[in-house]
Number of protein chains: 2
Amino acid sequence: MQEKPAQCQFVAALDSIVGKWKPIILYHLLQGEPLRFNELRRLIPDITQRMLTLHLRELEEEELVSRVIYPQIPPKVEYSITEYGKSLSPILETLHQWGKAHVERRQLKLENNEQAKTD
Amino acid sequence: MQEKPAQCQFVAALDSIVGKWKPIILYHLLQGEPLRFNELRRLIPDITQRMLTLHLRELEEEELVSRVIYPQIPPKVEYSITEYGKSLSPILETLHQWGKAHVERRQLKLENNEQAKTD
DNA sequence: CAGCATCCATGTTGATACTG
DNA sequence: CAGTATCAACATGGATGCTG
């Protein structure tokens with residue numbers, strides 16, 4: 001632990017966040033409303049059933065998301081962000097802001113390249 | 001782009017940061033001093049030559065890191081953080097803080113479980 | 001010193017079909 | 001509705017040997 005202290009924390013944090021769909025799942029749940037399985041699917045059109053299940057299980061395992069089952073037919077399951085999960089909000093927000101700027105910057109570069117060609 | 005705006009930014013941001021070793025590489029370069037290839041290897045003992053090369057190339061590609069070659073024998077190459085790369089600092093810092101708390105929390109839970117057993 | 005090339009092991013995600 | 005199971009594809013990382 002002593003010889004690679006910084007790395008541990010990064011890895012621990014990133015493990016909770018990475019996974020192709022975790023940030024976007026957390027993002028939606030951080031809006032505050034509990035969401036049902038199929039509601040999440042609709043909000044994240046490209047995700048497969050399988051990956052949504054897997055990632056939700058992992059987030060639940062880490063106590064970032066809570067899962068409430070209503071024992072009824074048809075089944076109803078609601079996912080919501082936990083108090084602990086809310087502590088991720090600053091990270092997600094920072095990532096979101098930076099990502100936005102990053103995309104815009106990349107876009108600008110492409111446009112400049114196009115411009116250079118026609119000059 | 002319109003139907004999944006949030007996702008794009010997250011993915012864009014995370015792409016720049018993930019990769020098993022990127023955060024730790026950026027972390028070291030963010031200290032300010034330019035570092036040579038083998039200096040980075042020493043600072044990150046577990047990384048392989050291959051991965052250090054690959055990740056540095058990707059970071060360079062995104063203009064987060066700059067690579068300066070001194071044409072001499074033996075070769076000398078220095079890597080340093082770019083101005084743009086410095087904009088990642090808040091993200092890395094936030095991740096680092098959260099990761100630290102996350103690890104401590106997990107540790108606490110384990111201890112409590114041990115405690116429960118002996119009770 | 002600072003790499004590149006090759007091959008291989010593993011992990012992650014996707015496609016598809018099926019179920020209480 | 002909210003999953004599970006299985007198989008296949010692809011991405012990521014590691015080990016090793018070689019080079020200007």
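Per chain, numbering begins at 1; letters A, B, ... match sequence-line order.
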Less than 4.0 angstrom between a side-chain N/O of [X] and OP1 or OP2 of [N], yes or no?
X	N	value
B/His55	D/dG13	yes
A/Lys20	C/dG14	yes
B/Arg36	C/dA2	yes

Should B/Leu56 and B/Phe37 count as side-chain neighbours, where that means a heavy-atom distance under 4.5 Å? yes
Check your understanding: Hey, are the side chains of A/Thr53 and A/Arg57 touching, using non-hydrogen atoms and a 4.5 Å cut-off?
Key -> yes
From [atom1] of [X] over to [atom2] of [N], roughly how many Å is that when rounded to an integer?
X	N	atom1	atom2	value
B/Leu52	C/dG3	CG	P	8 Å
A/Ile24	C/dT13	CD1	C1'	17 Å
A/Asp46	C/dT13	CG	P	14 Å
A/Leu40	D/dC1	CG	P	14 Å
A/Ile47	D/dG3	CD1	C1'	14 Å
A/Ile69	D/dT4	CD1	C1'	14 Å
B/Ile44	D/dG14	CD1	P	12 Å
B/Met51	C/dG11	CE	C1'	13 Å

Side chain of [X]: nearest nucleotide among [options]?
X	options	answer
B/Trp21	D/dC1, C/dT13, D/dG14	D/dG14
A/Phe37	C/dC4, C/dG20, D/dG3	D/dG3
B/Thr53	C/dC4, C/dC1, D/dG3	C/dC4
B/Val77	C/dC1, C/dA15, C/dG3	C/dG3
A/Asn38	D/dT4, D/dG13, D/dA2	D/dA2

Rounded to the nearest 0.5 angstrom, the OH-CG distance for B/Tyr27 and B/Leu92 is 10.0 Å
Practice task
Decide yes or no on side-chain contact (heavy atoms from CB on, under 4.5 Å) for A/Ile24 and A/Ile47, but give the supporting numbers first.
Solution key: CA-CA 10 Å; A/Ile24 189 75; A/Ile47 200 171; 6.0 Å; no
ask   = On a plain distance test, is the side chain of B/Arg50 in donor-acceptor contact with the base of D/dG13 below 3.5 Å?
value = yes
Any donor-acceptor N or O pair under 3.5 Å, side chains B/Glu111, B/Gln115 | no
Closest to the 5' end of DNA chain D, once A/Pro75 and B/Pro75 are matched to their nearest nucleotides, is A/Pro75
Here the residues of residues 57-67 of chain A within 4.0 Å heavy-atom distance, strictly under, of DNA chain D are A/Arg57, A/Arg67
Exactly one candidate in A/Arg105, A/Arg106, A/Lys100 meets side chain to side chain donor-acceptor pair (under 3.5 Å) with A/His102; the answer is A/Arg106
Quick test of your reading of the model: are A/Glu83 and A/Lys86 salt-bridged, counting only N-O distances below 4.0 Å?
yes
*Under 4.0 angstrom, heavy atoms only, what part of the nucleic acid is A/Tyr79 near: base, sugar-phosphate, or nothing?*
sugar-phosphate
Relative to each other, are the rings of B/Tyr84 and A/Trp98 parallel, tilted or perpendicular (30° and 60° limits)? parallel
